[in-house]
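Computed from heavy atoms alone, side chains included, the values below leave out hydrogens, waters and symmetry copies.
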Amino acid sequence: TLRALRLIDAATLTLLDTWAPPDCADISMATVSGDYLLLATSGKSLRLFAARQGKWEQLSERQTETEVACIALRECTAVDPHAMDTDATDGGCDTPLYAAAGMWTSLTVELIAVPSLQVLRTEALGSEVIPRSLLFYKAEGKDAKEAKEYLLCALGDGQLMSFVLAPPTEMLVDADADALTAALSAAPALADSAAPPSAQLNAQLNAPAPLTAPLLTERKLVALGTQPISLVSFWVGGVQSVFACSDRPAIVHSGSGSLLYSSVNLDVAAHMTPFASESMVDCLAIAAEDALIIGTIDEVRKLHIRTVPLGEQPRRICHVEAARAFAVLTTSIESSPVGDEVEQQFVRVLDDQTFERLSEFALAPQESACSLLRIDFENSASATTIVVGTAYIYAHEPEPSSGRLLVLELQDRGRILELRHEVRTHGAVYELESLRGKLLAGVNNKLQLFSWSPLAAGAANGLVLRHEHCGHILVLYIQSRGDFILVGDLMKSIALLQYSASTGELTELARDYNASWMTSVCFLDDDTMLGAENCFNLFVARKNSEAATDEERQRLDIVGEFHLGEFVNRFRRGGLAMQVSEGGAKPLPSLLFGTINGVLGLVVSLPETQHAFLAKVQTNMTKVIKGVGGLSHREYRSFCNERKTAESTGFIDGDLVEAFLSLSDAEKSEVVNGLDVSAEELTRQIEELARLH
């Protein structure tokens with residue numbers, strides 16, 4: 001507690017012993033490992049205790065130059081890391097103990113010997129942020145060579161600093177018989193000291209001989225959140241991991257001796273502690289601002305898939321975060337009284353955790369849902385507005401000639417779905433996208449821009465058509481980035497448009513004049529776009545802003561082509577694994593794609609130098625790994641459609657490059673020949689890339 005250190009029998013809950021800091025000092029923090037307990041008190045003091053025969057025994061004490069911000073003890077591998085092993089004859093450990101302390105004013109971390117509390121090494125953090133939590137963590141590897149031990153230091157700004165604890169050349173050992181003799185001979189002099197002779201004698205008996213200190217190497221800094229982090233160790237299935245409590249909770253774990261990071265599906269975690277019983281094994285108790293959550297952590301570094309039967313065919317989905325709900329467009333097949341099958345479509349709202357049906361909105365007969373979007377209109381304070389685009393399907397029409405735009409609002413956390421406004425359209429609303437608080441809609445061959453504005457003077461707000469852009473076959477896909485708009489057409493490939501805030505108009509800047517039947521589009525950056533077409537190819541187009549003539553500037557340059565072998569129907573920004581900012585460097589931009597075969601894939605934008613290097617690796621890999629049935633990798637990955645065949649450019653085949661990790665040592669040596677890099681270094685680089693998914 002704040003005022004006292006209490007020793008309680010775990011079986012009977014009997015109070016065995018109490019120790020109180022002198023001079024009414026406060027106990028600011030404490031940590032335990034084996035039978036050792038380290039605590040810090042106000043007044044710049046560190047004390048080490050052991051529980052012996054039902055009593056607290058103070059082993060050592062040290063005054064620090066500044067107040068202590070956080071402390072940690074190296075965990076014993078022979079005991080439960082969350083239990084105190086009292087009366088242990090060897091400290092309860094089969095590993096040498098160290099402690100670490102983070103300092104308030106000096107902004108340093110001290111590595112401390114146990115039990116003497118002698119400072120072995122002081123490491124400046126090189127930051128103006130106070131350390132808030134420390135933890136020793138052993139990262140397992142494929143073998144003892146790959147295993148590493150880390151000292152993790154969490155900072156007050158949401159960043160996590162890590163050091164590799166390099167073993168010293170000599171290990172700390174307890175005082176030998178000569179030290180015992182020297183201590184006994186000094187006993188008369190101890191009687192004149194302030195502390196009891198037995199305590200000072202015990203401190204000398206347990207003091208380690210001054211030996212080489214471990215090194216803190218391979219410093220790395222990653223950003224996990226924006227608020228102070230608290231680190232807690234836990235074990236699941238015999239494997240140690242670290243829970244980082246913050247505004248963006250994360251799990252720190254290991255792979256091949258390196259640190260990996262996985263996000264947790266919680267908004268905020270203030271505190272966490274392992275919680276286990278006969279009925280709840282390997283559980284965690286997590287405290288948030290307004291809730292206590294008890295649960296388990298799924299296996300990390302694994303794609304977790306949960307199947308939720310709907311009984312209907314889902315067609316589109318979006319997440320309404322403010323309502324903690326999913327909006328889903330579904331199709332239900334029902335039987336009419338005469339035995340005919342009748343199709344009915346719905347907008348359904350599901351709880352985003354339990355998938356309980358909260359509310360629904362039925363579409364009209366013959367009306368098909370085509371598109372769905374959650375949007376923040378510029379003149380609306382609602383964060384739970386969704387827009388649904390529909391089409392009326394009639395057998396005599398080759399292409400829908402009418403449809404609707406439905407503006408719906410989720411209320412009472414999705415339990416009420418209210419229709420706010422609707423607009424009739426002259427065609428099917430194939431796609432929806434937001435643009436500066438306005439709505440873009442692909443209606444047959446037109447790209448239309450709507451605002452949420454008063455329908456008349458003094459009237460309520462509704463959708464008002466502001467501008468439309470023609471010249472397309474069918475506008476199937478729309479992506480926006482700032483004022484730029486990317487349009488994917490049924491047959492006319494992609495076009496780049498720009499929105500003018502001053503005039504409210506949409507202007508075409510450039511287009512790809514190749515005839516490609518698009519299946520999905522996405523921006524990579526302001527100047528570069530990614531497209532997928534129906535012959536299972538990907539291509540990258542770039543805006544030609546520096547061209548000398550208007551004609552050249554109006555043409556998008558194709559700078560990358562690749563045969564994927566899958567029909568891509570959606571790109572989404574994001575990734576399958578948590579990416580962290582390391583050493584101030586931004587994570588690599590990544591896109592997820594989904595295909596009609598149920599494949600999830602990842603596209604990552606690489607720096608030019610890294611791309612050139614991996615292209616050489618890819619070339620060497622094709623010489624070592626032969627395709628199934630003698631199929632040439634170069635020919636298979638060549639861009640191929642009904643009009644042309646071209647060798648793949650601008651893309652790296654990640655599956656092929658990552659196959660390097662499964663090669664034998666001889667094959668790895670053959671791959672790195674001529675690359676000016678060792679097989680070990682190339683393995684490390686490819687493992688870093690593999691962690692992206």
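- Using a 3.5 Å distance cut-off with no hydrogens or angles, the side chains of Ser262 and His253 do pair a donor with an acceptor.
- Proximity of Leu372 to Leu432: side-chain heavy atoms (C-beta onward) are nowhere separated by under 4.5 Å.
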Go through the steps to decide whether Asp376 and Ser434 satisfy the test side chain to side chain contact (heavy atoms under 4.5 Å, CB included), and finish with yes or no.
-> CA-CA 8 Å; Asp376 295 317; Ser434 62; over 6 Å; no

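- Atom SG of Cys153 sits about 9.5 Å away from atom CG of Leu221, to the nearest 0.5 Å.
- Here the closest non-hydrogen pair linking Ser590 and Gly574 is OG-O, 2.8 Å.
- With hydrogens and angles disregarded, no donor-acceptor distance shorter than 3.5 Å links the side chain of Asp9 to the backbone of Thr14.
- Surrounding CD of Glu418 are more than 12 heavy atoms belonging to other residues, nucleotides or ligands, all under 6.0 Å away.
- Side chains of Leu592 and Leu600 form no contact here, defined as non-hydrogen atoms less than 4.5 Å apart.
- In this structure, the side chains of Leu125 and Val109 come closer than 4.5 Å at one or more pairs of heavy atoms.
- Leu111 contributes atom CG, which lies 9.5 Å from atom CZ of Arg74 (distance to the nearest 0.5 angstrom).
- Between Glu61 and Arg47, at least one side-chain nitrogen of the basic residue sits less than 4.0 Å from a carboxylate oxygen of the acidic one, meeting the salt-bridge criterion.
- Arg315 is linked by a salt bridge (Lys or Arg N to Asp or Glu O under 4.0 Å) to nothing, counting only residues two or more places apart in sequence or in another chain.
- Under the 4.5 Å side-chain criterion, counting only non-hydrogen atoms from C-beta, Pro274 is in contact with Val232.
- The minimum heavy-atom distance linking Phe163 with Glu123 is given by the pair CE2-CG, 3.7 Å.
- For the pair Ser520 (side chain) and Val568 (backbone), a donor-acceptor distance under 3.5 Å is absent.
- With rounding to the nearest 0.5 angstrom, the CD1 atom of Ile71 is 8.5 Å from the CD1 atom of Ile112.
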Any chance you could lay out the salt bridge (Lys or Arg N to Asp or Glu O under 4.0 Å) test for Glu149 and Lys138, step after step, and finish with the verdict?
-> CA-CA 4 Å; Glu149 187 168 6; Lys138 187 170 184 180; over 6 Å; no

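- Using a distance-only test at 3.5 Å, with no hydrogens or angles considered, no donor-acceptor pair links the side chain of Arg316 to the main chain of Ala327.
- Here CG of Leu135 is found 9.5 Å from OG of Ser230. Values are rounded to the nearest 0.5 Å.
- When side chains are defined from C-beta on, Leu408 counts as touching Leu419, because their heavy atoms get closer than 4.5 Å.
- Of the possible donor and acceptor atoms, none in the side chain of Thr31 sits under 3.5 Å from a partner among the backbone N and O of Leu38.
- The nearest pair of heavy atoms linking Gly102 to Leu134 is N-CD1, 3.4 Å.
- Shown here for Leu358 and Leu350, the closest heavy-atom pair between the two residues is CD1-C, 4.1 Å.
- The two residues Glu566 and Thr595 come nearest to each other via the heavy atoms OE1-OG1, 3.3 Å.
- Distance alone, capped at 3.5 Å, places no donor-acceptor pair between the Arg132 side chain and the Ala69 backbone.
- Using a 4.5 Å heavy-atom cutoff, the side chains of Ser233 and Tyr137 are not in contact.
- In this structure, NZ in Lys44 is found 7.0 Å from OG1 in Thr105, a value given to the nearest 0.5 Å.
- Looking at Asp17, its side chain does come within 3.5 Å of a backbone N or O of Trp56 through a donor-acceptor pair.
- Using modelled atom types, no side-chain atom of Glu218 and backbone atom of Val164 make a donor-acceptor pair closer than 3.5 Å.
- Residues Ile229 and Ser246 form a side-chain contact, since some pair of their non-hydrogen atoms from C-beta on lies under 4.5 Å apart.
- In this structure, Gln63 places its CD atom where more than 12 heavy-atom neighbours from other residues, nucleotides or ligands lie under 6.0 Å away.
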Pair Leu216-Leu165, side chain to side chain contact (heavy atoms under 4.5 Å, CB included): steps then yes or no | CA-CA 5 Å; Leu216 297 178; Leu165 194 67; 3.6 Å; yes

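- The closest donor-acceptor contact from the side chain of Arg121 to the backbone of Pro214 lies under 3.5 Å.
- Side-chain contact between Glu312 and Gln345: absent, with no pair of heavy atoms (C-beta onward) separated by less than 4.5 Å.
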Criterion side chain to side chain contact (heavy atoms under 4.5 Å, CB included) on Ile386 and Val347, from CA distance to verdict | CA-CA 10 Å; Ile386 62 173; Val347 182; 4.1 Å; yes

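- Using a distance-only test at 3.5 Å, with no hydrogens or angles considered, no donor-acceptor pair links the side chain of Asp26 to the main chain of Ser28.
- A pairwise comparison of heavy atoms in Ala50 and Leu59 identifies CB-CD1, 3.9 Å as the closest pair.
- Without hydrogens or angle criteria, Arg52 side chain to Glu57 main chain gives no donor-acceptor distance under 3.5 Å.
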Stepwise side chain to side chain contact (heavy atoms under 4.5 Å, CB included) check, Leu410 with Leu417 = CA-CA 5 Å; Leu410 281 68; Leu417 187 58; 3.6 Å; yes

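- To the nearest 0.5 Å, atom CZ of residue Phe593 and atom SG of residue Cys522 are 12.5 Å apart.
- A search for ring-ring contact (aromatic ring centres under 6.0 Å, His included) contacts involving Phe326 returns His319, Phe355, not counting sequence neighbours.
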